[in-house]
Amino acid sequence: MMTELSVTASSIRITDVTQDGDILTFAITSQKLNSSGGVCVFRTYEDFDWLQQNLFSQENVPGLQGVIFPPLPPKVPSPLNTASKSLKQLGFLALGHDWQSYCKALEFYLQQVATHPILSQCKALDSFLTKSESPGKQRGRKGILNRLSQAVEGMRKESHKDVDDFFQKQRHKNTNLAALSKVATEKILDVVLTEQKLALACGHFSTCLHLCVNQDDEAAVAFSKICLKLSDIVEAVKRNFEKVANNNIATLGLGLDLEARYEEAEKEMLFRRTCKLIELETVKKNTEKTKANKRDVMEEIQKATEKEFSLISSVAKQEIERFHSSRVTVLRSFLVGWCEKQLDTAKECAKLYSQYLDTCKNLFSE
Amino acid sequence: QLEEDESTDQFELNVAVTNPEKMGDGMNAYMSYKVSTQTTLPMFRNKTFSVRRRFSDFLGLYEKLSAKHSLLGCIIPSPPQKSVVGMTKVKVGKEDSSSAEFVEKRRSALERYLQRVVAHPSLLQDPDVREFLERDELPRAVYTQTLSGPGLLKMINRASDAVNKKTIKMNESDNWFESKLQEVENEEQLLRKLHTAVDSLVNHRKELCSNTAVFSKSVAMLGSVEENSALSRALSQLAEVQDKMEQLHHQQAFSDFFILAELLADYVRLLGAVRCCFEQRMKAWQRLQEAQSTLQRKREAEAKLLWANKPDKLQQAKDDINEWESKVSQYERDFERVTCTVRKEVLRFDKEKTRDFKQHIVKYIESLLHTQHRLVKCWEAFLPEAKAIA
């Protein structure tokens with residue numbers, strides 16, 4: 001059912017997350033469109049899933065299969081606190097304190113749905129964002145767009161030749177981008193994990209230096225002072241690594257992860273269209289083969305399928321153009337944000353080291 | 001490239017070890033190093049001069065110095081250890097970064113070793129040191145010979161292994177020696193821990209290097225398939241920034257190693273040498289004790305002879321007593337001298353250690369700051385590229 005969203009898309013925020021056993025509950029706030037009031041609701045992942053399923057299974061939306069659905073981040077695996085399992089399943093989104101990256105990704109998801117020309121009109125979205133009771137308990141209908149349907153025959157169908165040059169090119173580009181952005185996300189994850197290891201190693205080194213404190217005699221006291229000074233410096237190195245890693249997580253990492261998942265979403269849409277194409281070609285072949293008495297029926301089916309296919313293709317074209325311009329904007333803002341943050345951190349750190357250098361030179365001159 | 005580390009301003013002698021060159025080939029090949037000296041000391045023929053030395057020459061010098069000075073309670077700095085693996089790579093002619101790294105590590109270690117030797121006032125006066133620095137051709141050191149007590153050399157060369165503790169009971173007038181030795185042993189353990197911590201830091205940094213390089217490649221690939229030209233350019237710039245950062249990480253790992261890790265490793269070995277000089281003192285004490293008890297026995301023997309009235313053997317007994325009396329007073333003097341030397345050496349060592357660490361920490365912060373400044377430049381260069389995406 002089509003309704004207009006009653007809150008402004010840009011005001012949607014995930015302001016808090018609480019953990020109760022294995023369940024994460026997210027606090028979602030937004031501003032009312034026609035008044036100055038705000039809304040706050042509490043949702044779990046189940047509710048997000050309900051929303052996504054509802055978006056997939058909308059009826060009477062022409063060419064729905066041509067829509068690039070904003071990707072919903074995967075579910076946090078339970079039990080909640082197994083770091084290695086989270087890392088495996090969520091990749092980048094598992095990092096950051098208190099699920100910050102994960103919340104940001106969910107926030108983007110909601111904003112993308114809310115700004116989508118077709119999807120923002122889904123009633124389920126408005127309910128999700130404004131109704132105080134959570135909708136998650138109602139089991140949504142599993143739409144035809146369930147991801148599992150792409151499993152086995154995927155490989156063969158994916159390489160099916162297209163009838164349209166534009167789409168053939170698009171599928172090829174998308175395959176490259178999807179694969180490469182996934183790899184880039186994995187590689188920056190490795191970088192961040194090493195930075196975190198370095199921070200730990202610094203912490204260990206600094207602790208060891210504290211063990212060197214000894215007040216037995218004058219020489220020992222002097223040596224202890226040196227060790228403590230070095231320990232301060234190593235602590236600064238540690239904090240720098242932590243900040244650098246956090247900057248990577250919050251900006252570039254998040255951005256690359258979003259890009260990779262969005263390319264996957266585009267891939268899924270293109271695949272749906274390809275499947276429709278195959279269906280159409282199969283129907284055409286069958287129509288040619290049927291005996292005259294059944295031909296009318298087959299021709300009706302063929303016409304309907306043709307209509308569906310052309311609707312999907314036209315929605316798909318619009319979606320592709322919309323996606324391509326928005327992704328550049330999104331990547332730009334992530335890259336700029338990342339660079340600015342890292343530059344600030346680097347300058348701060350240089351200042352600190354410079355201060356330490358001066359202090360040490362003064363302290364150490366006899 | 002490490003600049004020459006200058007020794008203290010008080011000493012008018014600077015020494016550097018540079019220009020490693022491979023001589024000969026096959027399994028007979030060896031590295032020769034240039035040893036350059038700059039000095040105002042009158043005991044040398046010239047003010048600046050240089051010679052070429054090989055690793056075994058450095059070991060030979062150490063053996064000669066140990067033989068002469070360790071018995072006196074001096075702390076003899078130890079040279080870097082032999083490395084069969086490292087040298088074989090060099091001999092075989094493997095021209096890769098790991099053998100270049102090995103040669104640089106060794107060159108730096110030999111330089112630090114020499115600098116510590118010449119910083120020691122008594123060792124500097126030793127003619128063997130002078131010969132090492134000045135003489136054009138040095139006779140090949142055959143270091144399989146044990147020039148001093150066999151146990152001593154073994155102990156010093158394997159200072160990093162746990163040395164068997166010879167607890168010789170000494171009744172001390174003040175417990176300075178006992179508590180100092182304990183302190184030295186504790187510190188050795190602590191420095192080992194620190195060294196392990198720094199080693200781990202160095203390894204992680206190297207890991208960061210390779211991860212950064214891999215990430216850079218993945219970004220470059222992304223940039224090459226990207227259609228939007230400004231985004232594509234930004235991504236290739238990003239890949240270049242990451243490449244620069246990889247270099248910075250590599251250099252910092254290098255600094256971590258040479259400034260901190262090697263310093264700590266050197267001092268672990270030096271503390272081993274300090275422990276050895278305490279052991280020398282204990283040996284001197286033991287010698288004195290044994291001489292005193294021998295003297296006592298000789299006196300008792302004389303008394304017995306007097307009582308048994310055997311005049312012919314009496315002269316022998318009296319001679320024995322004289323011999324051992326002079327030995328006892330010799331050993332007493334030795335012991336006092338060793339005690340005094342050890343005390344002086346330890347105080348000098350503590351001062352040196354503090355000064356050394358201070359110097360290195362300042363150097364380390366300077367390296368951190370240098371890296372950080374270059375990092376800031378990298379980011380500043382990238383920002384306009386990111387902003388130019390449209």
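The analysis underlying the following values was restricted to heavy atoms, covering all of them including side chains, and did not include hydrogens, waters or symmetry mates. Just so it is clear: chains get the letters A, B, ... in the order the sequence lines come, proteins before strands, and each one is counted from 1.
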Gap between atom CD1 of I233(A) and atom OH of Y364(B) - 0.5 Å precision: 9.0 Å
Heavy-atom pairs under 4.5 Å with chain B, option from R332(A), K187(A), E218(A) with the top count: R332(A)
Heavy-atom contact with chain A under 4.5 Å, split by part of L238(B): side chain
Interatomic spacing from CD in E226(B) to CG in L180(A) - rounded to 0.5 Å: 10.5 Å
Taking every non-hydrogen atom, the tightest pair across T194(A) and H204(B): CG2-O, 3.6 Å
Interatomic spacing from CD in E207(B) to CG in L193(A) - rounded to 0.5 Å: 9.5 Å
Toward chain A, the part of I361(B) with a non-hydrogen atom under 4.5 Å: side chain
Considering all heavy atoms, the nearest L208(B)-F241(A) contact: CD2-CE2, 4.2 Å
Contact origin within L190(B) toward chain A - heavy atom pairs under 4.5 Å: side chain
E366(B), part contacting chain A, at a heavy-atom distance under 4.5 Å: both
L231(B) versus chain A, the contacting section by heavy-atom distance below 4.5 Å: side chain
K225(A), part contacting chain B, at a heavy-atom distance under 4.5 Å: neither
Engaged part of L352(A) at the chain B interface, taking heavy atoms whose separation is under 4.5 Å: neither
Sole residue of K173(A), R327(A), K169(A) in salt bridge (charged side-chain N to carboxylate O under 4.0 Å, His left out) with E227(B): K173(A)
Contact check, side chains of L252(A) and F215(B), non-hydrogen atoms, under 4.5 Å: yes
From K358(B) atom NZ to K361(A) atom NZ, the distance as rounded to the nearest 0.5 Å: 15.0 Å
For chain B, the option from L200(A), L209(A), D190(A), I226(A) that forms the most heavy-atom pairs under 4.5 Å: I226(A)
Closest heavy-atom pair and its distance - A219(A), T354(B): O-OG1, 4.3 Å
Shortest non-hydrogen contact between V362(B) and C360(A), atoms and distance: CG2-CB, 4.4 Å
From CG (L335(A)) to CZ (F382(B)), nearest 0.5 Å: 5.0 Å
Side chain / backbone / both / neither for L331(A) at chain B, heavy atoms under 4.5 Å: side chain
Minimum heavy-atom distance A201(A)-S200(B), with the two atoms named: CB-OG, 3.8 Å
Other residues, nucleotides, ligands: >12 heavy atoms within 6.0 Å of H172(A) NE2: no
Neighbour count above 12 (heavy atom, 6.0 Å) for K353(B) NZ: yes
Rounded distance [0.5 Å steps], OH in Y356(A) versus CD1 in I365(B): 9.0 Å
Contacting region of V237(A) [heavy-atom separation from chain B under 4.5 Å]: side chain
Residue K217(B) versus chain A: region with a heavy atom under 4.5 Å: neither
Contact summary for S181(A) and L222(B), nearest pair of heavy atoms: N-CD1, 3.5 Å
Interface residue of largest heavy-atom contact number with chain B, from K197(A), H204(A), K229(A), E340(A), under 4.5 Å: K197(A)
L211(A), part contacting chain B, at a heavy-atom distance under 4.5 Å: both
Matching residue for F223(A) among Y267(B), F349(B), F357(B) - test: ring-ring contact (aromatic ring centres under 6.0 Å, His included): F357(B)
Max heavy-atom pair count under 4.5 Å with chain B, selected residue of A222(A), C212(A), A220(A), C227(A): C212(A)
Interchain contact, E183(B) with chain A, by part (heavy-atom threshold 4.5 Å): side chain
Which of V214(B), T212(B), L194(B), V225(B) touches chain A most, by non-hydrogen pairs under 4.5 Å: L194(B)
Side chain to side chain contact (heavy atoms under 4.5 Å, CB included) assessment of M221(B) paired with V183(A): CA-CA 10 Å; M221(B) 294 216 61; V183(A) 169; over 6 Å; no
